[in-house]
There are 2 protein chains.
Amino acid sequence: MPTAENASASRSEEILSVAQNFIQSRGYNGFSYRDIAAEIGIKSASIHYHFPTKGDLGKAVTARYTEQFGKQLQRIEASADTAHERLKKYATLFRDTLIERHLLCMCGMLAGDIETLPELVKLEVAHFFEAQQQWLTGVITTGKTTGEISPAITAAAWATTLLAALEGAMLVSRGLDQNDQFDIVTDALLSSLFKSSKTNS
Amino acid sequence: MPTAENASASRSEEILSVAQNFIQSRGYNGFSYRDIAAEIGIKSASIHYHFPTKGDLGKAVTARYTEQFGKQLQRIEASADTAHERLKKYATLFRDTLIERHLLCMCGMLAGDIETLPELVKLEVAHFFEAQQQWLTGVITTGKTTGEISPAITAAAWATTLLAALEGAMLVSRGLDQNDQFDIVTDALLSSLFKSSKTNS
DNA sequence: GTCTATAAGATGATAGAC
DNA sequence: GTCTATCATCTTATAGAC
């Protein structure tokens with residue numbers, strides 16, 4: 001899950017970074033151009049120079065998020081060999097966002113706001129979820145070939161299930177204000193997925 | 001999941017019903033008193049007569065939602081005997097909201113908006129999730145005693161997991177604009193939970 | 001209970017100076 | 001690129017008439 005720090009290269013990037021944080025904490029309708037401007041220390045008119053409309057900003061920040069997320073997925077593939085390790089690291093992406101950074105997944109947030117989003121932003125949100133599904137399906141499929149995961153498991157179905165459970169676990173943990181609920185969900189799901197395997201390293 | 005129809009008894013109920021629909025479709029910050037008033041055919045000042053602040057309205061609609069949800073849970077207990085049937089009907093509550101009514105769970109929505117909510121509304125949201133957890137834990141515990149569910153399953157952990165997966169499945173289905181994703185998640189989860197049982201009627 | 005009128009502030013957005 | 005100034009509109013909320 002992209003980190004969205006403020007030590008940015010360009011002003012555009014800084015705006016995107018701040019906007020991302022706002023969406024992940026307050027949702028698409030919970031912040032304004034003035035909020036972003038105040039956080040950076042400029043005026044809201046300056047934001048409009050970089051992103052004429054809020055839809056432009058929303059589209060850009062969502063596309064950037066999916067792209068950054070993709071890099072994290074590559075990092076996981078490079079640093080973990082087994083499906084089990086990869087899925088654990090994947091879950092940690094969400095966990096860190098929730099517990100260390102006190103944020104939700106940006107596209108989980110936007111999915112809730114979908115009825116209020118410009119069409120181009122909706123498309124980016126769908127694209128994010130498709131990318132996650134695709135990656136998870138690949139990891140689970142690999143796990144089946146190595147014997148880590150039971151052949152009875154349908155990779156695509158469990159990809160969606162895992163994704164949904166992670167998004168929902170963030171939501172429920174936040175609603176209850178109980179961080180430990182997140183770990184309980186990921187532990188239950190992952191041990192269910194890997195139950196009849198050789199080693200749950 | 002409460003139905004929130006507009007054929008209401010009192011005006012207060014009608015306002016709550018319309019507000020609930022707005023929260024479930026657009027989130028807490030995606031509608032205004034004017035939106036509610038326009039839908040009913042009155043003026044926004046009239047809403048303030050019934051609910052002075054938006055926080056008052058938010059608290060009332062959330063408490064009412066939890067209460068109505070509780071009645072649905074009682075209906076499930078009365079109409080289904082096995083844990084499997086009860087959990088299937090529970091999932092159908094969420095499914096109907098998503099697929100038939102094109103809405104999300106109200107408290108799932110509010111959990112996303114939590115950083116922008118008045119304190120009293122946050123408490124109601126937490127109360128809703130606690131009530132769901134408690135009920136699901138009871139159903140799963142019963143399923144263990146009857147042998148429907150493996151004794152290895154931790155009831156409380158799977159209660160949260162099921163709840164999170166249902167909330168997340170709504171979100172992901174909506175983000176992808178693919179209703180079938182919801183059923184895929186519930187099928188995977190429920191068959192996982194009941195896999196080694198006598199009969200999955 | 002609902003209305004009109006009104007307030008004080010926020011919102012997304014634009015025009016034009018520097 | 002960023003600013004000031006301004007815009008029309010929306011937001012929550014109140015006062016007082018009917």
Side-chain angles (χ1 to χ4, degrees), chain A residues 6-23 25-62 64 109-110 113-122 124, chain B residues 6-23 25-62 109-110 112-122 124:
Chain A
N6 292 21
S8 61
S10 66
R11 181 48 54 91
S12 278
E13 282 296 310
E14 191 176 6
I15 292 165
L16 289 171
S17 177
V18 172
Q20 183 184 322
N21 266 300
F22 271 121
I23 295 174
S25 66
R26 305 171 59 91
Y28 190 79
N29 301 303
F31 73 100
S32 70
Y33 268 42
R34 278 190 161 91
D35 292 324
I36 301 173
E39 183 92 0
I40 296 177
I42 55 177
K43 297 295 173 180
S44 70
S46 306
I47 317 260
H48 282 285
Y49 168 79
H50 296 278
F51 303 98
T53 72
K54 199 176 182 182
D56 294 323
L57 175 59
K59 185 195 166 187
V61 74
T62 311
R64 174 173 167 274
M109 272 294 202
L110 292 177
D113 296 330
I114 209 107
E115 300 269 296
T116 69
L117 299 181
E119 206 59 40
L120 290 175
V121 184
K122 287 189 201 176
E124 290 295 337
Chain B
N6 292 23
S8 61
S10 67
R11 182 46 56 91
S12 280
E13 283 296 310
E14 191 176 7
I15 292 166
L16 289 171
S17 177
V18 172
Q20 182 185 323
N21 266 301
F22 272 121
I23 295 175
S25 66
R26 305 172 59 91
Y28 189 79
N29 300 303
F31 73 100
S32 70
Y33 268 42
R34 276 195 165 101
D35 292 323
I36 301 173
E39 182 92 1
I40 296 177
I42 54 177
K43 297 295 174 180
S44 70
S46 306
I47 316 261
H48 283 285
Y49 168 79
H50 297 278
F51 303 99
T53 73
K54 200 176 182 180
D56 293 323
L57 175 59
K59 185 195 166 187
V61 73
T62 312
M109 273 293 202
L110 293 177
D113 296 329
I114 208 108
E115 300 269 297
T116 69
L117 299 181
E119 206 58 40
L120 290 176
V121 184
K122 288 188 200 175
E124 290 294 338

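Computed from heavy atoms alone, side chains included, the values below leave out hydrogens, waters and symmetry copies. Chain naming here is simple, since letters A, B, ... match the order of the sequence lines and numbering starts at 1 in each.
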For atom CZ of A/Arg34 and atom C1' of D/dT4, their distance in whole Å
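Rounding to the nearest Å, CZ of A/Arg34 and C1' of D/dT4 are 12 Å apart.
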Rounded distance in Å - OH (A/Tyr33) to C1' (D/dT4)
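Those two atoms, OH and C1', are 19 Å apart.
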At the 4.0 Å heavy-atom cut-off to chain A, mark where contacts on DNA chain C begin and end, going 5' to 3'.
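Range of nucleotides touched by chain A: C/dT11 to C/dT14.
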Name every residue in residues 40-50 of chain B that has at least one heavy atom under 4.0 Å from any atom of DNA chain C, in order of residue number, or write none if there are no such residues.
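Result for residues 40-50 of chain B: B/Ile42, B/Lys43, B/Ala45, B/Ser46, B/Tyr49, B/His50, sorted by number.
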Hey, is the main chain of A/Ser32 close enough, under 3.5 Å, to the side chain of A/Asp35 for a donor-acceptor pair?
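Yes: the side chain of A/Asp35 pairs with the backbone of A/Ser32.
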Would you mind classifying the nucleic acid contact of B/Phe51 as base, sugar-phosphate or nothing, using non-hydrogen atoms under 4.0 angstrom?
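The answer is nothing, as B/Phe51 stays clear of every strand by at least 4.0 Å.
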Residue list, side chain to side chain contact (heavy atoms under 4.5 Å, CB included) with A/His50, at least two apart or on another chain:
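Only A/Arg11, A/Ser12, A/Ile15 meet the side chain to side chain contact (heavy atoms under 4.5 Å, CB included) criterion with A/His50.
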Contacts of type side chain to side chain contact (heavy atoms under 4.5 Å, CB included), residue A/Thr53, not counting sequence neighbours:
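Listed in chain order: A/Asp56.
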Of all residues at least two apart in sequence or in a different chain, which pass the ring-ring contact (aromatic ring centres under 6.0 Å, His included) check with B/Phe31?
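If we apply the ring-ring contact (aromatic ring centres under 6.0 Å, His included) test to B/Phe31, skipping adjacent residues, the hits are B/Phe22.
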For A/Thr116, enumerate each residue passing the side chain to side chain donor-acceptor pair (under 3.5 Å) test, keeping only those at least two apart in sequence or located in another chain.
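In terms of side chain to side chain donor-acceptor pair (under 3.5 Å), with neighbours along the sequence ignored, A/Thr116 is linked to A/Asn29.
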With sequence neighbours excluded, residues passing side chain to side chain donor-acceptor pair (under 3.5 Å) with A/Ser44:
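By the side chain to side chain donor-acceptor pair (under 3.5 Å) rule, A/Ser44 matches no residue at all.
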Are any of the side-chain heavy atoms of B/Pro118 and B/Lys54 separated by less than 4.5 Å?
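Not touching, per the 4.5 Å side-chain cut-off.
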So, using salt bridge (Lys or Arg N to Asp or Glu O under 4.0 Å) as the criterion, who are the partners of A/Lys59 when residues are at least two apart?
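None.
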